[in-house]
Amino acid sequence: MTKKVFKIFVLIVFSLSSLVSFASAESYGHSDTTQVKKSIREEIKETIAHHLQDSYIFEITHGVSFPLPVILWDGGLHVFSGSAFHHGEYTVESKGNFYKLYHGKIYKTDSEGHIKYDEDHHVQNEKPVDFSITKNVFVIILMSAFLLFLFSRMAKRYANNMNPGGAAKFLEPIIIFIRDDIAIPNIGKKHYKKYMSYLLTIFFFIWFLNLAGMTPLGIGVTNNIAVTFALALLTFLITQFTANKNYWGHIFWMPGVPKPMRIILAPIELLGVFIKPFALMIRLYANMTAGHIVIMSLIGLIFVFQNYFATGAFFGLTLFLSILELLVAALQAYIFTMLSALYFGAAVEEHH
Amino acid sequence: MEKLISDFSVGLFFWQSLVFVALILLLRKFAWKPILNAVNAREESIENALNSAEDAKKEMANLTASNERLLNEAREERDALMKEAREMKADIVAKAKEEAKVEGEKMIAGAKEAIEMERKAAIVELKNQVAALSIDIAEKIVKGNLAADDKQKALVNELVEEVNLN
């Protein structure tokens with residue numbers, strides 16, 4: 001029963017996702033029917049870039065949106081609404097400073113809102129430190145609240161009933177899978193318990209955010225490098241701070257190889273310590289970004305070709321890739337969790 | 001790469017780290033610990049239940065085996081008792097027969113002896129009576145015949161003859 005409901009839910013979500021993206025792209029196509037082909041391509045490119053970009057307003061669908069708070073640190077705290085920029089058309093004045101939104105970024109300007117460029121057409125204006133609750137931050141907070149609600153409710157059910165019920169029927173096997181097939185084999189029975197909270201949180205966080213990214217809201221959080229960097233950094237920090245003597249021994253003074261080799265191996269191993277979480281960061285970021293770009297491009301191609309055959313073909317292809325992306329959403333969460341567990345396992349491995 | 005670095009949003013990184021660490025801590029307290037504990041407790045109780053079921057099964061098998069053994073023992077004992085009783089019965093009967101035989105023989109022997117003694121006594125009595133009768137007769141005859149000599153002579157002869165005959 002629960003499985004069926006879940007299936008239907010997934011179907012609805014991703015069919016909506018395709019349709020709404022399709023519709024929003026269509027509105028682009030229609031508004032510019034007089035333009036030549038090349039400009040449609042430009043439009044598609046911009047749509048995709050816009051879709052992947054963070055934003056200071058939360059756009060539920062085309063035209064329906066609400067502003068989010070902009071919080072800047074620039075010799076003092078500056079707080080104002082994200083709608084004040086009017087999509088970059090207005091220069092905002094706050095406590096005597098002037099700010100302008102340009103290509104999705106906030107720059108400090110003069111009162112006229114001038115943007116200066118160098119010869120490579122790079123913006124030279126100063127950027128204030130931006131702690132705004134952007135769309136991505138908003139989604140992260142929302143998703144965290146949702147996860148907290150979902151799992152604490154699930155936990156409460158166990159208080160008076162040993163059997164899983166409701167959402168737990170679906171979630172418990174996943175939790176047990178993470179424990180029995182990710183944590184225990186990679187970390188070992190002795191140490192796995194202290195990492196469980198992190199592994200479970202990171203798996204569901206990434207998975208749910210990946211899935212949320214597939215909804216028509218365009219809230220791809222995991223395709224942002226700052227987010228994946230934060231996640232990878234946490235794995236890195238936990239690995240280093242829980243590591244035992246044996247782990248450091250393997251890095252700086254590799255046992256079982258000749259002494260000159262140890263000296264050569266030490267920098268390589270040390271480099272590996274940083275490359276591992278770096279790969280984690282890039283893998284998740286690149287996979288999610290690529291997925292979004294490919295799907296958006298395929299939808300865009302419908303408007304490039306503008307005939308029934310291409311519409312059908314690319315719609316089918318988009319559908320197929322959406323299913324693939326659903327798989328990738330879970331797969332990337334799994335890989336991130338799995339590799340984190342692997343690194344933790346290496347950090348606490350006993351001397352053998 | 002350059003674009004990646006220039007697009008890197010410090011604010012997003014800050015919020016993500018903050019919210020995510022808070023999320024881990026909150027979920028650990030309110031979700032993962034109770035859930036994992038509940039799951040562990042359940043798994044343990046299932047394992048215990050299975051183990052005790054296995055034990056009960058073994059005990060049951062043991063019980064059945066011991067019952068069987070007891071039954072067999074009882075049967076054997078019964079058989080032994082029956083056999084013993086049968087033997088005892090035969091023994092008693094045989095002994096009784098033997099005793100009866102001996103007793104009978106003794107009685108027969110006693111009776112025979114008594115009969116013999118009675119016979120002997122009867123013979124002695126008879127002899128005595130015959131002697132007395134003979135004396136009586138002899139007396140009467142003597143009284144009658146002593147009147148005539150020849151008759152006396154004849155009688156003496158007859159008596160002598162008779163004695164000789166004896």
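Convention: sequence-line order gives letters A, B, ...; per-chain numbering from 1.
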For chain B, find which of A:V137, A:D130, A:T134 contributes the most heavy-atom pairs closer than 4.5 angstrom.
A:V137

So which atom in A:I174 and which in A:F204 form the shortest heavy-atom distance, rounded to 0.1 Å?
CG2-CZ, 3.6 Å

Where does A:F131 contact chain B at under 4.5 Å (heavy atoms): side chain, backbone, both or neither?
both

Where does A:K127 contact chain B at under 4.5 Å (heavy atoms): side chain, backbone, both or neither?
side chain

Taking side chain as everything from C-beta outward and backbone as N, CA, C, O, which of these in A:I175 sits under 4.5 Å from a heavy atom of chain B? Side chain, backbone, both or neither.
side chain

Portion of A:S144 that has a non-hydrogen atom of chain B nearer than 4.5 angstrom
both

Side chain, backbone, both or neither of A:L171 within contact of chain B (heavy atoms, under 4.5 Å)
neither

Could you check whether A:F151 and B:F30 have their ring centres less than 6.0 Å apart?
no

Which of B:L18, B:L36, B:V21 touches chain A most, by non-hydrogen pairs under 4.5 Å
B:L36

Any donor-acceptor pair under 3.5 Å from A:T289 side chain to A:A286 backbone
no

Using non-hydrogen atoms only, which part of A:L234 is less than 4.5 Å away from chain B: side chain, backbone, both, or neither?
side chain

Heavy-atom distance under 4.5 Å to chain A: side chain of B:L25, backbone, both or neither?
neither

B:K120 bridged to B:E125 by N-O distance under 4.0 Å:
no

Which bit of A:R153 comes within less than 4.5 Å of chain B, counting heavy atoms only: side chain, backbone, both or neither?
neither

Taking the six-membered ring for Trp, are A:F236 and A:F278 closer than 6.0 Å centroid to centroid?
no

Is the A:H78-A:Y99 ring centre distance short of 6.0 angstrom?
yes

Give the member of A:I133, A:D54, A:V129 that has the highest number of heavy-atom pairs under 4.5 Å with chain B.
A:I133

Would you please indicate yes or no on a ring centroid separation below 6.0 angstrom for A:Y192 and A:F344?
no

With a 6.0 Å cut-off on the ring centroids, do A:Y343 and A:Y195 count as close?
no

What part of A:I202 gets within 4.5 angstrom of chain B, counting heavy atoms only: side chain, backbone, both, or neither?
both

Hey, is CZ on A:F241 packed in by over 12 heavy atoms from elsewhere, all under 6.0 Å?
no

If the threshold is 4.0 Å, N to carboxylate O, is there a salt bridge linking B:R119 and B:E116?
yes

Checked A:W73, A:Y285, A:F205 vs chain B; the most non-hydrogen pairs under 4.5 Å come from A:F205

Winner by heavy-atom pair count (cut-off under 4.5 Å) against chain B, out of A:M154, A:R157, A:M143:
A:M154

The interface call for A:N136 against chain B, heavy-atom contacts under 4.5 Å, is both

